[in-house]
Amino acid sequence: MKQNPKRCVKKREHPIDPANVLGKKNKEREISAADHRLLGQQLDLFSISEDVGVGLVLWHPNGTIVRNVIRDYWEKEHLQNGYQLVCTPHIARRELWKTSGHLDYYEQNMYVFEKDGEGLVVKPMNCPFHIAIYKARPRSYRELPIRYAEWGTVYRYERSGTLQGLLRVRGFTQDDAHIFCTAEQVKQEILTLLDFTRRIMRRFGFEEYRVYLSTRDPEHPEKYMGSNEEWQRAQNALAEALQEKTIAFREVPGEAVFYGPKIDMNIVDAAGREWQCTTLQFDFNLPKRFNITYVGADNKEHEVVMIHRALLGAIERFFAILLEHCNGNLPTWLAPVQVSVIPVSDDCLEYAESVHRKLVSCGIRAELDDSTSTVSYKIRNAELQKIPYMAIVGKHEAETGRIAVRKHGTGNAGSMAIKELARQIRKHGN
RNA sequence: GCCUCGAUAGCUCAGUCGGUAGAGCAACAGCCUUGUAAGCUGUAGGUCGCGGGUUCAAUUCCCGCCCGAGGCUCCA
């Protein structure tokens, strides 16, 4: 996607208050009909139970469908774009986090426990695991860049007052990946990532961004690992990549992570609110701390550079943003139920069942409403559940072998063949 | 974690000037056989968030805690 000149204009119309940067915006949000917490309850997508624990999300069957559809799409894209999928444990030895430096910076926010006299940590990050996989054998420059991707579930202790629905939780899943490459490859990787991110986000209906380059706070270098030169070089690499893509961005000193500078691509939702999801983080520190290297063409060991990146960010949070963005009217490819088959009366139940079976065999997520209620009542339920399509079948349809289609929100869409509806749904992406 | 406000049925809420509670919807059971956003009747459902205090008596008043909402701070 080329940088849209209009976007630059728009950017000027919304001067950025640095105090708003890290999602600190959206302050005046109040419970509205489009609040994801309300939608989550009405559409039976997820819940948070006091018995289970605060900030821990229970994904209901409907929510799990959406989540898995997102994950399947995400995995397909990653496999097609040079990533390898990995799977890592939920806990690890305390020592690992000592090495990574996370313990020093974030111990109060980590779930730490002990077993057999050994300290263990519930993972707050996936990076040390991906590093360990990299480290499992010697690496040649020929195999770089190596890109490991994982839907990694992590746990971070967040203070109770900061929790908010799905937007801020204690257990969440990152669409995480770590790219191991040479210093020379970093810029190209960032360039590729900028395009990749925008393609994925467009699939979910997010087109507009505000981009930030988070750099070190020059007045407090002690808050960061690494030398001045390394930081300067890393920051320059990120800035150059952005400039090369002619993406307008704002530099935000003091917002960098302790191990390196980063690019945040904040999406703008339907209500014009800005959300931090995508983050591309440069890291020359962790590779050093874990002593990971590659063997170069010169047969010597070289330091490897790492890029941490999450595109959707935390799935829980992204799901909430997406839900509010579309006001619960999930696009058909994401809808937990795509078609509700509604028989007019018991006489048509048999035909309704065959319609349902056919849709399911076409790969459509269809449900059959065989309750004894009236047609109006079933339609009302399907509308309230925001199901994209309804297939109303009565005597007339049974005779002609067709279905009367009704579209959510727009009403009667006329008679069509079953296959035609299936085709229409698949066209919008399944 | 801090400040303010709140918590009554699965959901949305009413109510009790202190005498252990109601509605609508949902659920369940019948009836109805339905043609594009609520058909009819009935049944069941509550330790009034948890613990303590005051009182003859607490869902109601007081205190603590838990949870929620908004804000502050924070978010690898």
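Quick note on labels: first sequence line is chain A, next is B, and so on, each numbered from 1.
When heavy atoms are screened at a 4.0 angstrom cut-off, A:E397 is found touching base atoms of the nucleic acid. Contacts of A:A404 with the nucleic acid, taken as non-hydrogen atoms under 4.0 Å apart, include base atoms. Nucleic acid contact for A:Y259: sugar-phosphate only, since backbone atoms but no base atoms lie under 4.0 Å from a heavy atom of the residue. Counting any heavy atom pair closer than 4.0 Å across all strands shown, A:N109 reaches a base atom. As judged by a 4.0 angstrom heavy-atom cut-off over every strand, A:H396 is placed among the base-contacting residues. Heavy atoms of A:I342 sit nowhere under 4.0 angstrom from any nucleic acid atom. Among the atoms of the strands shown, none is found under 4.0 Å from any heavy atom of A:Q42. Note on A:Y157: only backbone sugar-phosphate atoms sit closer than 4.0 angstrom, heavy atoms only; bases stay farther off. Among the protein residues, A:K395 comes within range of the nucleic acid bases, having at least one heavy atom under 4.0 Å from a base atom.
For the residue pair A:T192 / A:Q188, a side-chain donor-acceptor distance below 3.5 Å is found, with atom types taken as modelled.
The same atom, P, is picked in B:G45 and in B:G10; the two are 12 Å apart, to the nearest Å. For B:C66 and B:A26, the P atoms lie 37 Å apart once the distance is rounded to whole Å. Taking the C1' atom of each, B:A38 and B:G24 are spaced 12 Å apart, rounded to whole Å. Taking atom C1' on both B:C61 and B:G1, the two are 30 Å apart, rounded to the nearest angstrom. For the P atoms, the distance from B:G46 to B:A23 is 14 Å, rounded to whole Å. Using P as the reference atom, B:G53 and B:U16 are 27 Å apart when rounded to the nearest Å. Distance noted for atom C1' between B:C13 and B:A58: 23 Å (whole Å). Across the P atoms, B:G42 and B:C25 are found 12 Å apart, a figure rounded to whole Å.
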Grab the N/O contacts between the protein and nucleotides 5-12 of chain B below 3.5 Å, and write none if there aren't any.
residue: B:C11; atom: O3'; partner: A:Q41; partner atom: OE1; Å: 3.4

Detail all sub-3.5 Å separations between protein N/O atoms and N/O atoms belonging to nucleotides 31-33 of chain B.
residue: B:U33; atom: O2; partner: A:D346; partner atom: N; Å: 3.1
residue: B:U33; atom: N3; partner: A:D346; partner atom: OD2; Å: 2.8
residue: B:U33; atom: O4; partner: A:D346; partner atom: OD2; Å: 3.2

Could you list the protein-to-nucleotides 24-27 of chain B atom pairs, N/O on both sides, closer than 3.5 Å?
residue: B:A26; atom: OP1; partner: A:Y377; partner atom: OH; Å: 2.4

With 3.5 Å as the limit, what N/O pairs link the protein to nucleotides 64-66 of chain B?
residue: B:C66; atom: O2'; partner: A:E50; partner atom: OE2; Å: 3.4

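A salt bridge is defined here as a Lys NZ or Arg NE, NH1 or NH2 lying under 4.0 Å from an Asp or Glu carboxylate O, and A:E316 with A:R67 meets this definition. Between A:R199 and A:E77 there is a salt bridge, since at least one side-chain N of the basic residue sits less than 4.0 Å from a carboxylate O of the acidic one. A:K123 has a carboxylate O that lies under 4.0 Å from a charged side-chain N of A:E150, or vice versa, which qualifies the two as a salt bridge.
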* Dot-bracket for RNA chain B, 5' to 3', with Watson-Crick and G-U pairs under 3.5 Å, [ ] for crossing pairs and | for other-strand pairs: what is it? -> ((((((...((((.....[..)))).(((((.......))))).....(((((..]....))))).))))))....
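Figure legend: A:K135 and A:F290 shown without cation-pi pairing, the cationic atom not lying both under 6.0 angstrom from the six-membered ring centre and within 45 degrees of its axis. Geometric assessment of A:R139 against the ring of A:Y134 yields a positive cation-pi assignment under the 6.0 Å and 45° thresholds.
The CG atom of A:N126 lies 11.0 Å from the CD1 atom of A:I131; values are rounded to the nearest 0.5 Å.
Between A:R37 and B:G70, a side-chain N or O to OP1/OP2 separation shorter than 4.0 Å is present. Contact check, A:R156 against B:C74: no side-chain N or O comes under 4.0 Å of OP1 or OP2. At B:G70, one or more side-chain N or O atoms of A:Q164 fall inside 4.0 Å of OP1 or OP2 (strictly under the cut-off). For B:C75, the OP1/OP2 oxygens have no side-chain nitrogen or oxygen of A:T162 closer than 4.0 Å.
Atom CG in A:L167 sits roughly 19 Å away from atom P in B:C74 (whole-Å rounding). Spacing between atom CG of A:D369 and atom P of B:A37 amounts to 15 Å, rounded to whole angstrom units. Put simply, CH2 on A:W275 is 14 Å from C1' on B:C75, counting in whole angstrom units. When rounded to the nearest whole Å, the span between NE2 of A:H36 and C1' of B:A69 equals 13 Å. Here the C1' atom of nucleotide B:A76 and the NZ atom of A:K98 are 16 Å apart, to the nearest Å. The CZ atom of A:R170 sits 16 Å away from the P atom of B:C75 (whole-angstrom rounding). Rounding to whole angstrom units, CD of residue A:Q385 and P of B:U36 are separated by 22 Å. Distance A:H178 NE2 to B:A76 C1': 10 Å, rounded to the nearest Å.
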* Test log, rule side chain to side chain donor-acceptor pair (under 3.5 Å), inputs A:N81 and A:R147 -> CA-CA 10 Å; A:N81 284 276; A:R147 308 180 189 89; over 6 Å; no
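Proximity of the aromatic rings of A:F318 and A:W74 is defined here by a centroid distance below 6.0 angstrom, and this criterion is not met. The ring of A:W275 has its center no closer than 6.0 angstrom to the ring center of A:F206.
Between the A:H36 side chain and the A:L166 main chain, a donor and an acceptor come within less than 3.5 Å of each other. A donor-acceptor contact shorter than 3.5 Å is absent between the side chain of A:R93 and the backbone of A:E118. Under the 3.5 Å distance criterion, the side-chain polar atoms of A:D35 are matched with a main-chain donor or acceptor of A:R37.
Ranked by how close their nearest RNA chain B nucleotide is to the 5' end, A:R406 and A:H102 are led by A:R406. Toward the 5′ end of RNA chain B lies the nearest nucleotide of A:V375, the other residue of the pair A:V375 and A:M125 mapping further downstream.
Judged as a side chain to side chain donor-acceptor pair (under 3.5 Å), the pairs with a partner in residues 302-312 of chain A (not counting sequence neighbours) are, in order, A:H78-A:R309, A:Y83-A:R309, A:H178-A:H308, A:D283-A:H308, A:D298-A:H302.
Shortest non-hydrogen contact noted between A:C348 and A:G394 is SG-CA, 3.5 Å. Among all heavy-atom pairs drawn from A:A248 and A:V211, the shortest one is O-CB, 3.6 Å. Across A:R216 and A:W231, no two heavy atoms sit closer than the pair CD-CD2, 3.4 Å. The two residues A:R289 and A:K98 come nearest to each other via the heavy atoms NH2-O, 3.4 Å.
Residues A:F172 and A:R317 have side chains not in contact (no heavy-atom distance under 4.5 Å, counting atoms from C-beta outward).
Under the 30°/60° scheme for interplanar angles, the aromatic rings of A:F258 and A:Y105 are found to lie parallel.
The side chain of A:R168 lies closest to B:C74, out of B:G35, B:A38, B:C74. Out of B:A37, B:A76, B:U73, the shortest distance to the side chain of A:R380 is found at B:A37.
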